[in-house]
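Here the structure is a predicted model, which is why all the values come from computation and not from measurement. In listed order, ligands and their atoms are each counted from 1.
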Amino acid sequence: MAALIDTHCHLNFTEFDDDRAEMLMRAHQVGVTHLVVPGVSKASWAQQRNFARHYQNWHNAFGLHPYFIAEHQHSDLEQLSIELGKGGAVAVGEIGLDATCEAMDKQRQLLQAQLQIAVDFDLPVILHHRKTLDEILKMVRDSGLTRGVVHAFSGSQQQAEAWVEQGFSLGVGGVITYTRARKTRAAIGALPLHALLLETDSPDMPTCGKQGQRNEPSYITRVFDALCSLRSESPEVVREALWQNSRRLFNLNC
Ligand SMILES: [Zn+2]
């Protein structure tokens, strides 16, 4: 049986400082063998590299997240290129636009520059969006990028199909465990299987029934089960496809 890959989890965050090794053990026990950890700010990158040296199959992406817009400086972009130049990164991320955060123009400038960096390094991107899905798609089209993932996809089937047409994958997370997320569940059920990736966004985005608690990669089985309930294919076929999709996008050596 194919293993599971959590393609989006912030395992370097302080929420895991007390039990990181045990948390990774729990993930391994339920079949999660590989993890993709997106960067959020310049300050996180060195720490991520350290963890990747200590823990097996911990894959890093590096980027400047819109949540931390106040922290980012223009010179961080140059540092990002230097960091990526060291090798070992599987993507540029987490990058994007968040309409609930401040400084939208600065967000746009940083996103545009990071999309170009991804093109230059021939890497996929991990995209964060909130009320900005269509604007980001336009910027991605302009950049010429054709590889990446829309993290925590929530939206209509029509929006999802536009991303798939651009060559992008859609990150399937805890959202689909909530039956009230009708539009997103319908879209995820109808999209081509080759466009889907599994993710938890740990420590955030708890699955249904775990609200208010820390999320962790071992709970990805709940997302997987919810996904299978929305798909016509067998769980084995879904699992194998998710494994192949993750390996292909991030060029994982597994
Ligand atoms: Zn994230």
Side-chain angles (χ1 to χ4, degrees), residues 4-17 20 23-24 27 32 34-45 47-49 51-52 55 58-72 76 80 83 89-101 107 110-111 114-115 117-118 123-133 136 140 147-155 163 168-178 181 184 188 196-207 210-211 213-220 222-223 242 246 249-250:
L4 296 168
I5 299 178
D6 188 347
T7 62
H8 194 117
C9 44
H10 296 281
L11 305 186
N12 57 307
F13 282 12
T14 53
E15 281 90 337
F16 296 109
D17 280 356
R20 192 167 282 105
M23 172 271 294
L24 288 168
V32 182
H34 289 70
L35 308 132
V36 175
V37 179
V40 296
S41 69
K42 193 180 79 170
S44 68
W45 303 335
Q47 183 195 36
Q48 284 174 258
R49 282 209 187 266
F51 285 130
Y55 299 111
W58 171 308
H59 306 279
N60 283 318
F62 301 114
L64 303 167
H65 192 301
Y67 276 175
F68 302 87
I69 191 68
E71 232 180 271
H72 304 325
D76 293 354
L80 177 59
E83 197 62 49
V90 297
V92 175
E94 174 172 359
I95 63 176
L97 298 177
D98 192 317
T100 68
C101 297
Q107 288 191 42
L110 289 179
L111 175 59
Q114 291 181 98
L115 291 173
I117 288 172
L123 285 169
V125 288
I126 299 171
L127 295 173
H128 172 96
H129 65 98
R130 193 174 290 169
K131 300 191 169 93
T132 50
L133 209 46
I136 298 176
V140 165
R147 283 199 305 147
V149 54
V150 179
H151 157 57
F153 177 77
S154 65
W163 281 100
F168 274 60
S169 304
L170 304 164
V172 179
V175 169
I176 63 159
T177 64
Y178 295 83
T184 303
I188 295 299
L196 305 182
L197 295 180
L198 215 54
E199 58 174 43
T200 62
D201 203 20
S202 302
D204 298 324
M205 283 185 64
T207 50
K210 297 263 183 192
Q211 293 95 319
Q213 297 176 37
R214 184 188 75 173
N215 198 6
E216 63 171 64
S218 64
Y219 299 150
I220 206 165
R222 294 158 160 262
V223 182
L242 292 168
S246 311
L249 180 63
F250 297 114

Colleague: Counting backbone and side chain alike, does H65 bring an N/O/S atom below 2.8 Å of the Zn ion (ligand 1)?
Modeller: no

Colleague: Taking the six-membered ring for Trp, are F250 and H34 ring centroids under 6.0 Å apart?
Modeller: no

Colleague: Tell me whether E94 has at least one N, O or S atom under 2.8 Å from the Zn ion (ligand 1).
Modeller: yes

Colleague: Examine R20 relative to F51 and say whether NZ or CZ is less than 6.0 Å from the centre of the six-membered ring and inside a 45° cone about the ring axis.
Modeller: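 Positive - R20 is close enough to the ring of F51 and near enough to its axis.
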
Colleague: Only one of K42, R49, Q48 forms a side chain to side chain contact (heavy atoms under 4.5 Å, CB included) with E83, so which one is it?
Modeller: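 Of all the options given, the one that passes is R49.
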
Colleague: Among F13, Y67, F62, exactly one meets side chain to side chain contact (heavy atoms under 4.5 Å, CB included) together with V40. Which residue is that?
Modeller: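 It is F13, the one option of F13, Y67, F62 that forms the side chain to side chain contact (heavy atoms under 4.5 Å, CB included) with V40.
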
Colleague: Any N/O/S atom, backbone or side chain, of H10 lying under 2.8 Å from the Zn ion (ligand 1)?
Modeller: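 An N, O or S atom of H10 is closer than 2.8 Å to the Zn ion (ligand 1), so yes.
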
Colleague: Using the Zn ion (ligand 1) as the apex, give the angle to atoms OD1 (D201) and NE2 (H8), rounded to 10 degrees.
Modeller: 80°

